[in-house]
Amino acid sequence: MHFSKLFIPTLKESPADAEVISHKLMVRAGMIRQLASGIYSILPLGLRVLRKVEQIIRDEMNQIGGQEVFLPSIQPAELWVESKRWDFYGKELLRIKDRHGREFCYGPTHEEVITDIVRREIKSYRQLPILLYQIQTKFRDEVRPRFGIMRGREFMMKDAYSFHADEKDTQHTYHQMAKAYTNIFERCGLRFKQVQADSGTIGGSFSHEFAVLADSGEDEIGFCESCGYASNLEMAESKPPSPSTAPSTPQDIKEVETPGKKSVKEVAGFLNLPAHQIVKTILLENENGRVAGLVRGDHEINLVKMKNLIGCEWLQPAGEEAFSKKPELHRGYIGPVGLDLPVYADREISVLHDFVTGANKPSAHFTGVQVQRDLKIKEFGDIRTVQAKDPCPRCEDGKYQVKRGIEVGHIFILGTKYSSAMKAVFLDQHGKENAMIMGCYGIGVGRTAAAAIEQNNDERGIIWPRNLAPFQVIIIPVNYSNSDLNNACDTIYNRLQEAGIETLLDDRSDRLGVKLKDADLMGIPLQIIIGPKNLSAGQVEIKVRKTNESSLHPYPQVIEDIPNILKDL
RNA sequence: CGGGACGUGGCGCAGCCUGGUUAGCGUACUUGACUGGGGGUCAAGUGGUCGGAGGUUCAAAUCCUCUCGUCCCGACCA
């Protein structure tokens with residue numbers, strides 16, 4: 001392709017509203033433009049990259065027997081009512097009405113549609129399993145879109161769904177899928193981790209995320225270098241505490257005045273005690289009312305883990321009205337002693353002695369509190385968020401590390417959540433009717449491309465991993481109107497094209513500096529720079545974007561070497 | 001949804017506090033000349049009525065009210 005004919009509007013400066021590096025660079029490199037909050041137009045250069053990601057995904061999906069489909073993005077409300085998600089999905093579901101007033105939504109995901117298709121067409125265990133996937137635009141009316149294409153409201157996603165006759169077969173596909181995802185992200189040149197994850201709104205029994213390690217990531221990943229255990233921090237297990245020996249003479253419970261001392265830090269400082277001798281009481285609400293959670297003062301409560309412990313639908317911090325309705329509760333002075341609520345405590349609490357809690361009255365705390373003697377705990381469990389340097393739950397000496405990650409893929413086993421609700425059933429060998437077991441598997445296509453930029457860039461621009469690069473090679477003449485240079489460029493260009501190497505020829509009349517800056521910005525892996533002095537000496541310069549190293553090669557022999565040079569990038 | 005900020009040619013910004021000439025700068029764009037190995041120089045140009053509506057005033061980019069949009073920080077997700 002000739003640069004002068006392409007629509008690649010590069011920019012010298014980053015737009016003011018771009019925050020993360022991938023967003024800035026995608027806009028500057030002329031890959032995307034914003035239309036509205038979280039809604040982007042993909043320009044030619046951007047589309048080339050997305051197509052690369054898609055092709056890798058297709059390839060790996062097909063490898064494990066996936067069949068590509070293309071489902072409607074506009075979906076009738078009835079299906080969503082059937083799955084109970086019409087109400088449950090909330091405001092994120094973009095709802096629309098047609099001219100007859102019939103309700104539809106713009107699909108944020110496609111479990112309903114795919115389950116509907118499968119239940120109509122598949123009746124027998126003989127037709128199972130089946131794995132269908134699509135690459136398509138989704139719409140989620142996010143509370144807060146941000147980071148450019150990384151968290152858009154409209155975005156390109158690969159979603160796959162599998163249907164099975166039994167659990168074992170579901171798990172088989174799940175593991176194949178995990179392997180395929182690993183292949184995909186490796187081929188995309190990403191550094192990532194497969195981490196244990198919560199199954200979130202979609203529900204189900206087990207689930208992994210694929211997280212690309214990057215500081216701009218919105219997730220936190222806890223992992224152990226020793227044994228390889230890795231989990232989203234919202235699910236990461238903590239190691240059970242080792243039993244501590246109770247002091248022979250436990251302190252008596254005593255009320256102390258702590259005026260104005262509300263936070264753990266303030267109370268610990270005031271009483272001259274370490275933070276882990278303070279027990280925090282967090283007031284929460286779920287569908288059944290209020291509950292309390294207890295964690296050590298130096299720990300943070302983990303709502304996801306606590307929700308799973310309780311087994312409730314949802315769980316969130318109690319709002320302000322919870323305090324105004326219950327005058328006996330005082331913010332900063334709540335404690336579990338005599339608290340008339342179900343109290344769930346982190347396991348670490350069970351080995352504490354002589355600790356401090358709020359006294360449920362203003363400006364007072366209890367000291368010398370003992371678990372057995374003073375507290376009524378409904379259940380102990382792992383409800384705290386692990387921290388860096390915590391011991392690994394899976395091996396002897398490992399310690400947690402915590403890094404940020406971008407969730408680019410997520411795989412779930414859904415069980416029969418949708419198939420039961422929507423009656424997707426089949427007859428087994430014995431002629432008995434069963435609900436199909438389902439799995440679902442997503443990859444954010446644009447997010448994957450953005451994540452690749454987050455991991456591969458420098459002050460000059462993008463450094464595309466080879467397999468995602470919009471072009472493999474860019475030919476940059478110092479002056480394309482010079483006939484010698486022009487000839488050499490055309491020769492190289494034609495030969496590379498014939499060899500199936502995607503090549504961009506910068507035939508613009510701009511000065512060299514402009515062309516080099518753009519080439520660096522766009523991140524094309526290999527630059528071939530052709531100038532009059534080198535050429536008359538029978539040489540051209542080859543520069544590797546990643547290392548910024550350039551070398552002179554004899555022309556025209558160099559043409560034969562390019563494929564090999566590319567291979568090593 | 002709660003908290004904060006911003007909206008001035010394509011892009012990046014100044015002007016606003018303390019209303020008052022033709023709204024300014026950089027860049028981009030057009031034309032010409034020179035130049036030609038890292039966003040070059042000079043010259044001449046094109047392009048905005050200051051997000052929108054209402055108000056105050058002799059006079060509003062500037063003050064007030066409302067509104068729309070965008071971004072950032074926290075609870076959700078590919």
Side-chain angles (χ1 to χ4, degrees), chain A residues 9-20 23-24 27-28 30 33-39 53 57 89-92 108-110 135-160 181 197-202 207 209-212 217-219 232 234 303-304 314-317 319-320 406-412 440-451 460-461 476-482 485 508-521 527 529-535 540-541 543 548 550:
Chain A
T10 60
L11 255 32
K12 277 190 183 176
E13 289 180 285
S14 302
D17 53 16
E19 194 69 15
V20 297
H23 185 194
K24 289 179 182 172
V27 174
R28 284 193 53 208
R33 287 293 184 265
Q34 184 180 50
L35 181 64
S37 177
I39 302 179
V53 177
I57 293 172
Y89 218 96
K91 288 188 177 170
E92 227 169 274
T109 171
H110 281 70
I135 296 174
Q136 204 235 22
T137 351
K138 300 282 189 270
F139 195 96
R140 295 185 189 173
D141 203 352
E142 292 271 354
V143 206
R144 184 146 111 76
R146 61 182 135 176
F147 301 158
I149 211 179
M150 212 140 63
R151 173 189 291 278
R153 291 193 292 172
E154 182 173 320
F155 59 98
M156 196 69 84
M157 177 171 156
K158 186 281 301 186
D159 47 326
Y181 271 43
D198 186 49
S199 44
T201 322
I202 296 182
S207 152
E209 284 175 9
F210 289 77
V212 169
E218 297 181 86
D219 288 345
N232 191 307
E234 66 184 19
L303 294 189
V304 172
W314 54 269
L315 183 68
Q316 62 183 35
E320 211 48 60
I406 302 164
E407 181 190 354
V408 290
H410 202 157
I411 58 179
F412 296 89
C440 83
Y441 320 90
I443 292 179
V445 175
R447 188 181 279 188
T448 299
R460 298 194 308 273
I476 306 171
V478 168
N479 183 350
Y480 191 62
S481 56
N482 171 308
L485 299 190
R508 296 177 298 174
S509 57
D510 293 82
R511 297 168 68 93
L512 180 68
V514 175
K515 294 187 270 197
L516 291 172
K517 290 282 185 200
D518 275 346
D520 286 344
L521 178 61
Q527 302 173 2
I529 302 158
I530 302 174
K533 292 196 195 82
N534 286 333
L535 190 63
V540 295
E541 177 183 341
K543 199 177 92 181
N548 203 32
S550 62

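In terms of polar N and O atoms assigned as donor or acceptor, the side chain of A:Arg151 comes within less than 3.5 Å of the base of B:rC77 in a complementary pairing. No hydrogens or angles were tested; on distance alone, a donor-acceptor pair under 3.5 Å links the side chain of A:Asp219 to the base of B:rC77.
If you take NZ of A:Lys158 and P of B:rA78, they are 12 Å apart, rounded to a whole angstrom. The nearest whole Å value for the distance from the CG atom in A:Leu512 to the C1' atom in B:rG39 is 11 Å. A straight line from CD1 of A:Ile529 to P of B:rG36 spans 19 Å, rounded to a whole angstrom. B:rC77 atom P lies 19 Å from atom CD1 of A:Ile443, rounded to whole Å. The NZ atom of A:Lys91 sits 13 Å away from the C1' atom of B:rC76 (whole-angstrom rounding). In this structure, A:His410 places its NE2 atom 9 Å from P of B:rC77, rounding to the nearest Å.
Although no hydrogens or angles enter the test, the distance criterion places no donor-acceptor pair under 3.5 Å between the side chain of A:Arg460 and the main chain of A:Leu521. When atom types are taken as modelled, the side chain of A:Lys138 and the backbone of A:His110 share no donor-acceptor pair closer than 3.5 angstrom.
Applying the side-chain contact (heavy atoms from CB on, under 4.5 Å) test to A:Glu218 and every residue at least two apart in sequence or in another chain returns A:Arg146, A:Phe147, A:Arg151. Residues that satisfy the ring-ring contact (aromatic ring centres under 6.0 Å, His included) test with A:Tyr480, not counting sequence neighbours, are absent from this structure. Considering only residues two or more places apart in sequence or on other chains, A:Arg508 meets the side-chain contact (heavy atoms from CB on, under 4.5 Å) condition with A:Phe3, A:Ser4, A:Asp506, A:Asp510, A:Lys515, A:Asp518. Residues passing the salt bridge (charged side-chain N to carboxylate O under 4.0 Å, His left out) test with A:Lys24, sequence neighbours excluded: none. Every residue two or more places apart in sequence or in another chain was checked for a ring-ring contact (aromatic ring centres under 6.0 Å, His included) with A:Phe155, and none qualifies. Evaluation of the side-chain contact (heavy atoms from CB on, under 4.5 Å) rule for A:Glu19 yields no partner, not counting sequence neighbours. Under the rule for a ring-ring contact (aromatic ring centres under 6.0 Å, His included), the partners of A:His23 that lie at least two apart in sequence or sit in another chain are A:Tyr40.
Across the interface with RNA chain B, nearest-nucleotide mapping of A:Phe147 and A:Val408 shows A:Phe147 to be the residue nearer the 5′ end. Mapping A:Asp518 and A:Ile149 onto RNA chain B by nearest heavy atom places A:Asp518 closer to the 5' end of the strand.
Note on A:Lys515: nothing from the nucleic acid sits closer than 4.0 angstrom, heavy atoms only. Contacts of A:Met150 with the nucleic acid, taken as non-hydrogen atoms under 4.0 Å apart, include base atoms. Using a 4.0 Å heavy-atom distance criterion, A:Ser14 is classed as a sugar-phosphate-only contact. Within the nucleic acid shown, A:Ala36 comes within 4.0 Å of sugar-phosphate atoms alone, with no base atom in reach, counting heavy atoms only. The residue A:Glu142 sits close to a base: some heavy atom pair falls under 4.0 Å. Looking at heavy-atom distances under 4.0 Å, A:Gly513 makes contact with sugar-phosphate atoms alone, never a base. Within 4.0 Å (heavy atoms only), A:Ser481 reaches no atom of the nucleic acid at all. Backbone-only contact: A:Gly409 has heavy atoms under 4.0 Å from sugar-phosphate atoms and none from a base. Within 4.0 Å of A:Gly30, counting heavy atoms only, lies no atom of the nucleic acid at all. Counting any heavy atom pair closer than 4.0 Å across all strands shown, A:Arg153 reaches no nucleic acid atom.
OP1 or OP2 of B:rC71 lies within a sub-4.0 Å distance of a side-chain N or O belonging to A:Ser37. Remark: A:Lys138 is not in phosphate contact with B:rA78, judged by side-chain N or O atoms under 4.0 Å from OP1 or OP2. For A:Arg144, a side-chain nitrogen or oxygen approaches OP1 or OP2 of B:rC73 to under 4.0 Å. In this structure, A:Gln34 reaches the B:rC71 phosphate: one of its side-chain N or O atoms is under 4.0 Å from OP1 or OP2.
Annotation: B:rG52 and B:rC58 have their P atoms spaced 24 Å apart (nearest Å). Annotation: B:rG2 and B:rC17 have their P atoms spaced 31 Å apart (nearest Å). Taking atom P in both B:rG20 and B:rA28, one finds a spacing of 32 Å when rounded to whole Å. To the nearest whole angstrom, the two C1' atoms, one in B:rG7 and one in B:rG51, are 6 Å apart. If you take atom C1' in B:rU22 and the same atom in B:rU18, they sit 23 Å apart, rounded to whole Å. Look at the P atom in both B:rG15 and B:rU57: the space between them is 28 Å, to the nearest Å. Comparing the P positions of B:rA5 and B:rU41 gives an interatomic distance of 39 Å, to the nearest angstrom. Nucleotides B:rC25 and B:rA44, compared at atom P, are 13 Å apart to the nearest Å.
Between A:Ile476 and A:Ala519, the closest heavy-atom pair is CD1-CB, 3.7 Å. Heavy-atom minimum distance, A:Ser550 versus A:Lys543: CB-CG, 3.7 Å. Closest approach of A:Ser14 to A:Arg28, counting heavy atoms only: OG-CD, 3.4 Å.
Of all nucleotides present, only B:rC68 satisfies the Watson-Crick or G-U wobble test against B:rG7, with each distance under 3.5 Å.
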Between the protein and nucleotides 42-51 of chain B, list the N/O to N/O atom pairs that are separated by less than 3.5 angstrom.
none

Interface polar pairs with nucleotides 27-31 of chain B, N/O, under 3.5 angstrom:
| residue | atom | partner | partner atom | Å |
| --- | --- | --- | --- | --- |
| B:rU27 | O3' | A:Lys12 | NZ | 3.2 |
| B:rA28 | OP1 | A:Lys12 | NZ | 3.3 |

